[in-house]
Amino acid sequence: MEEKKTFYLTTAIAYTSGKPHIGNTYEAVLADSIVRFKRMQGYDVRFQTGTDEHGQKIELKSEEAGITPKQFVDDVSGQIKTIWDMMNTSYDKFIRTTDEYHEKQVQKIFKKLYEKGDIYKGHYEGMYCTPCESFFTPSQLVDGKCPDCGRECQPAKEEAYFLKLSKYTDRLIEHINTHPEFIQPESRKNEMMNNFLLPGLQDLCVSRTSFKWGIPVDFDPNHVVYVWIDALSNYITGLGFDLDGNHTLDDGENLYEKFWPADLHLIGKDILRFHTIYWPVMLMALDLPLPKQIFGHPWLLQGDGKMSKSKGNVIYADDLVDLFGVDAVRYFVLHEMPFENDGVISWELMVERMNSDLANVLGNLVNRTISMSNKYLGGVIADKGVAEEVDEDLKAKVLEVPMNVIQKMEQLRVADAITEVFSLFKRCNKYIDETEPWVLGKDEAKKDRLSTVLYNLVESITIGASLLEAFMPDTTEKILAQLHAEKRSMDEMDRFGKYASGTKVTETPEILFMRLDSKEVLAKAEEIKQKQIAEAKAESGESEEEVIDIEAKPEVTFDDFMKMQFQVGEIIACEEVKKSKKLLCSQVKVGSEVKQIVSGIKQYYSAEEMVGKKVMVLVNLKPAKLAGVLSEGMLLCAEDAEGNLALMAPEKPMPAGAEIC
RNA sequence: GGCGGAAUAGCUCAGUUGGCUAGAGCAUACGGUUCAUACCCGUAGUGUCAUGGGUUCAAAUCCCUUUUCCGCUACCA
C-alpha cells in the first residue's frame, strides 16, 4: 500500500480584538479552497486555523468591557469560529493560544531557547550613552560602544528578553536562496532580503513586563511571552508537538511526525516578516525543520478608502452572506483576488458577479438543461450515441479544463482556477446554441440526437460541478443532486461519459442563484452603513473619556527633569523637507534666538499653517541631522493611538521665549 | 532617502524566451435565438501598449530618461 501524500496548511491565527471583516475572512476561505482541492487530489490533508488571544490590547478592551480577558477572548474567538463555520471552511483544528497545551509548550520553548543562549535577558530601551544622552539598540553599537562618541554605554533599566536573530541570519539567507519557492509571491522575497536580512537583523524583543495578559515566563514571572513566540508556535503545538519528543497522539496518530514541516503557511502580506524571518529563526534555534512555503496573500480592499466603522464602509462576511448566500460570497472573494495585487470589493461588484457569472452563466445553464430534459425527454438522460462533429470540441474542452485547474491550483492561482471552471460552463451554453435542442425536439426523427446532446450537457455539467467543489461546495452538492449524478473524483476526469446513461434528472429544478436588483442591494447596503455609523457613534459616545495607556518609562529624578529646558517658540517660517515624506523644517523664534527644528508632522500640518503658531519647544536637545537637515530642538506634540499628532501650545497668549516650567 | 514593483480598451486585468492585423472578462451597441432565471450565442468596436530616446530586419516585451502610482523600509529630536 502506498502511503497517501500529506499536506499541512495553516492560516494565520486571527487576533481576538474584535469581529473580523471580510478581508480576514477571505484568508480562511482561500485556505479552505486550497485544502479542499488537495483532498480531491487524494492528499491526506490537515488544515489548521484559530485565534491569537493574548496581548495588551485585549487586556485593555476587556477592562473597558468590565470582564476578564479570558471571558473577552472566549466570546470573540467564538464569534470568529462561527464565521469560519458559516463560510463552510473545513478546518481540522481550531487552535486557541489560550489552550492549556499550547501555553505549556510555549513556556517550554521559551525556556529551552533561554537555556541554549538564543534568548538572553536584555533591555527594551536599549543601551544608554550618558554623555550623549542617547539610547541605542545593541546592534547599533560599535564594538559594544557608543557609535557617536565611542565611549562605554550603560544598559537602561527596563529589562526584557531578546531572541538572537543575528546568529541565524546567514543560515536563513542561504535557505532562502536555495529554496526559491520558500517565499511567495517572489517579489516579497526581495523585500525581506533587502530590508532586513542583508542589512543585518536586530535582535527581537520577545517578552514584556508592561502587561499581564500573556503566557508567563515560568522562570521569571514578571515577564510574559510577547506575541511572536506565543503566536507562531501554534503551527506546531496544534499538532501536539512536545519539545521533549513526547508528542501528543491524536487517535493513535502522531500528527507532528506526520505533518511537520508544514507545506504552506497562508498569511496576509502584512505579517510576512514574522513568518519568513522570526519563525524560521525560532525553528532553527529549536533544531526543527522549516516550513516548505509561505504565501503572503494580498488584501481585499474597499474601493473608497480604508474600511472604518465610523465611515460605515466595513464589509462583514455575515452581511454579505445574508444578501448573497455563502457560495456566492466564496466565489466573489476567491474570484476577485488576484495573485499579487490587492483586490477590490464593493456591493456593486458583488451584484455584477452574482448576476453575470453565477445566475446567468451557471445557474441558468443548469436550469435550462434540466428543463429541456424534462420537456422533451421526460427527464431521462441517455446517451444514444448519435454524435456530430460539434460534440468533439465540447468534449475536448471539458477534458482539458481539469488539467488547467490543477495547474493553476499548483501555483496557488485560485482566481484563475475558478475562471477555468467557468469557461467550461460557458462552453456548454455555446454548445446549446450550436445544437439547438428545441429544434431537435420538434422532430421525432431527431430524438436520439437530442438525447445525445442532453447527455453530453449533463456529463459536462457533472464534471464542471465536481471541479467546483473546492470553491463552492454547497453548489456542487446542489447541482449534482438535481442531476442525480455522482461526484466525479479528480482521477475520473480523464474520460468523458461516466454519467450513468438512462438516469432521470429532477422534475423540479431549483434556482441556484437568484438574480439581484442592484438598486435593492444598494439600498440594503445603505441600511447597513447607517447602522454601522450609528454603532460607531454609540461606541465613541460611551468612551468619550477614552484613555490611552502607553508603556511606562523608568522614574526620573527632579534633577534629570531640570536638565531639560522647555520654552515657548514662535514659528516664523516653515518649509517641507523635500527628500522626506514626513518632515517639516521650521524656523522657530525662541527669545531673541532663531532655531531650526525638523519635525515629523507633515501628515498633520502643512508648512503654511505652521507659520505663526506658538508651540512648546525642547530647546537644549543635542542638535542632530534628519534627512540631511540640521535640527536644533524638538517641537512637542501629543500623539493618539492612531499616531495622529497635535502640537502643544500655550493655553493663553505667551511671548516667544517664555520658559515652560 | 534606500530597495522593489506597476503604468495596455470605459472598467478589471492577460500578454510566456522580442516575431505575422495587441488579447480576455465586464460594461456599451447591433444582430440571432427562445429551452431557460429578460437568459444564451454571435458581431462590432474604440487602444500614440504612461513619456522621450536607443538597440534590432522586427519592441507592449530589452536598455536608458522623465512623469505618475503602489509595496516594503529609513528619517519622526
Side-chain angles (χ1 to χ4, degrees), chain A residues 133-135 185-196 198-199 269-270 272-273 296 298-299 303 335-336 338-344 348-349 352-377 413 415-416 419 422-423 425-442 450 453-454 457 509-516 564 577-584 595 597-604 617-637 639 643 645:
Chain A
E133 297 182 319
S134 302
F135 277 109
E186 205 186 331
S187 56
R188 300 283 159 191
K189 178 177 108 183
N190 302 327
E191 289 182 2
M192 295 303 126
M193 276 292 193
N194 296 334
N195 289 316
F196 301 104
L198 297 177
K269 60 182 185 179
D270 53 330
L272 210 60
R273 179 161 136 199
W299 289 115
H335 182 266
E336 287 316 295
F339 184 66
E340 241 169 303
N341 304 314
D342 288 332
V344 179
E348 292 92 327
L349 281 172
E352 193 180 300
R353 290 264 81 84
M354 177 81 177
N355 287 347
S356 68
D357 294 354
L358 298 181
N360 294 352
V361 172
L362 174 57
N364 186 50
L365 169 67
V366 174
N367 193 263
R368 69 198 296 210
T369 300
I370 292 174
S371 80
M372 281 191 286
S373 305
N374 283 314
K375 194 163 182 172
Y376 303 126
L377 301 168
R413 304 241 171 199
D416 293 345
T419 303
F422 272 75
S423 76
F425 297 128
K426 288 187 179 194
R427 184 63 189 85
C428 290
N429 276 322
K430 190 174 169 182
Y431 180 73
I432 293 177
D433 216 66
E434 288 164 344
T435 53
E436 297 179 308
W438 52 91
V439 175
L440 301 174
K442 284 171 191 153
L450 174 63
V453 164
L454 284 168
L457 275 170
E510 181 200 342
I511 301 280
L512 290 170
F513 299 98
M514 198 63 88
R515 286 180 62 80
L516 294 173
M564 293 189 276
V577 177
K578 290 231 167 57
K579 291 173 180 175
S580 160
K581 278 184 218 161
K582 297 184 183 172
L583 301 179
L584 289 179
K595 281 180 173 284
I597 299 181
V598 179
S599 329
I601 54 175
K602 198 195 263 185
Q603 287 167 281
Y604 310 99
V617 184
L618 173 57
V619 183
N620 61 337
L621 189 63
K622 185 187 176 202
K625 275 195 172 181
L626 290 177
V629 181
L630 186 69
S631 181
E632 307 171 293
M634 178 172 180
L635 304 185
L636 297 179
C637 288
E639 182 178 25
L645 297 177

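Order of the sequence lines fixes the chain letters, A, B, ..., with proteins taken first and strands second; residue numbering starts at 1 for each chain. Not measured: the values here are computed from a predicted model.
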Contact class for [X] (heavy atom, under 4.0 Å): base, sugar-phosphate, or nothing?
{"X": "A/Ile597", "answer": "sugar-phosphate"}
{"X": "A/Phe513", "answer": "base"}
{"X": "A/Met634", "answer": "sugar-phosphate"}

- Item | Which residue lies more 5' along RNA chain B, comparing A/Ser599 with A/Glu436 via nearest heavy atoms | A/Glu436
- Query: Which residue, A/Met192 or A/Leu358, contacts RNA chain B at a nucleotide closer to its 5' end, judged by nearest heavy atom?
  - Reply: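 Checking each residue's closest nucleotide, the 5'-ward one belongs to A/Leu358.
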For [X] and [N], what is the distance between atoms [atom1] and [atom2] respectively, to the nearest whole Å?
{"X": "A/Leu635", "N": "B/C76", "atom1": "CG", "atom2": "C1'", "answer": "11 Å"}
{"X": "A/Leu454", "N": "B/C35", "atom1": "CG", "atom2": "C1'", "answer": "9 Å"}
{"X": "A/Glu352", "N": "B/G10", "atom1": "CD", "atom2": "P", "answer": "17 Å"}
{"X": "A/Asn194", "N": "B/G71", "atom1": "CG", "atom2": "C1'", "answer": "13 Å"}

- Do any N or O atoms from the side chain of A/Asp433 and from the backbone of A/Asn429 form a donor-acceptor pair under 3.5 angstrom? no
- Is there a donor-acceptor contact under 3.5 Å from the side chain of A/Asn367 to the main chain of A/Gly363?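 Answer holds: no.
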- Can you tell me, in whole Å, how much space there is between the P of B/U56 and that of B/C41? 48 Å
- Pick the C1' atom in B/G53 and in B/A14, then give their distance to the nearest Å.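 Each nucleotide's C1' atom is 28 Å from the other's.
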- Query: How does protein contact run along nucleotides 40-45 of chain B, one letter per nucleotide 5' to 3', with B for base contact, S for sugar-phosphate only, - for none, heavy atoms under 4.0 Å?
  - Reply: BSS---
What nucleotide, of [options], holds the atom closest to the side chain of [X]?
{"X": "A/Asn367", "options": "B/G25, B/A36, B/G4", "result": "B/A36"}
{"X": "A/Lys375", "options": "B/C35, B/G71, B/C26", "result": "B/C35"}
{"X": "A/Glu191", "options": "B/C76, B/G71, B/C35", "result": "B/G71"}
{"X": "A/Ser371", "options": "B/U37, B/G4, B/A36", "result": "B/A36"}

- Message: Contact between A/Phe513 and A/Val361 at the side-chain level, heavy atoms closer than 4.5 Å - yes or no?
- Response: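 Contact flag for A/Phe513/A/Val361 side chains = no.
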- Item | side chain to side chain contact (heavy atoms under 4.5 Å, CB included) evaluation trace for A/Leu635 with A/Val617 | CA-CA 5 Å; A/Leu635 304 185; A/Val617 184; 3.9 Å; yes
- Mind running side chain to side chain contact (heavy atoms under 4.5 Å, CB included) on A/Asp357 and A/Leu362 for me, showing each step along the way? CA-CA 6 Å; A/Asp357 294 354; A/Leu362 174 57; over 6 Å; no
- Query: Should the pair A/Lys442-A/Glu436 be classified as a salt bridge under the 4.0 Å nitrogen-to-oxygen rule?
  - Reply: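 Salt bridge flag = no for A/Glu436 with A/Lys442.
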- Worked check of side chain to side chain contact (heavy atoms under 4.5 Å, CB included) between A/Tyr431 and A/Val453: CA-CA 9 Å; A/Tyr431 180 73; A/Val453 164; 3.7 Å; yes
- Message: With a 3.5 Å cut-off and heavy atoms only, can you find an N or O donor on one side and an acceptor on the other between the side chain of A/Asn195 and the base of B/G2?
- Response: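 Such a pair exists between side chain and base.
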- Task: Please state whether the phosphate of B/G25, meaning OP1 or OP2, lies under 4.0 angstrom from any side-chain nitrogen or oxygen of A/Arg353.
- Result: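 Result: no.
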- Message: Dot-bracket for RNA chain B, please. Rules: Watson-Crick or G-U, both distances under 3.5 Å, ( ) within the strand, [ ] when a pair crosses earlier ones, | for another strand, . otherwise.
- Response: (((((((..((((.....[...)))).(((((.......))))).....(.(((..]....))).))))))))....
- Message: As a quick check of understanding, evaluate side chain to side chain contact (heavy atoms under 4.5 Å, CB included) for A/His335 and A/Thr419, giving each step before the final call.
- Response: CA-CA 7 Å; A/His335 182 266; A/Thr419 303; 3.8 Å; yes
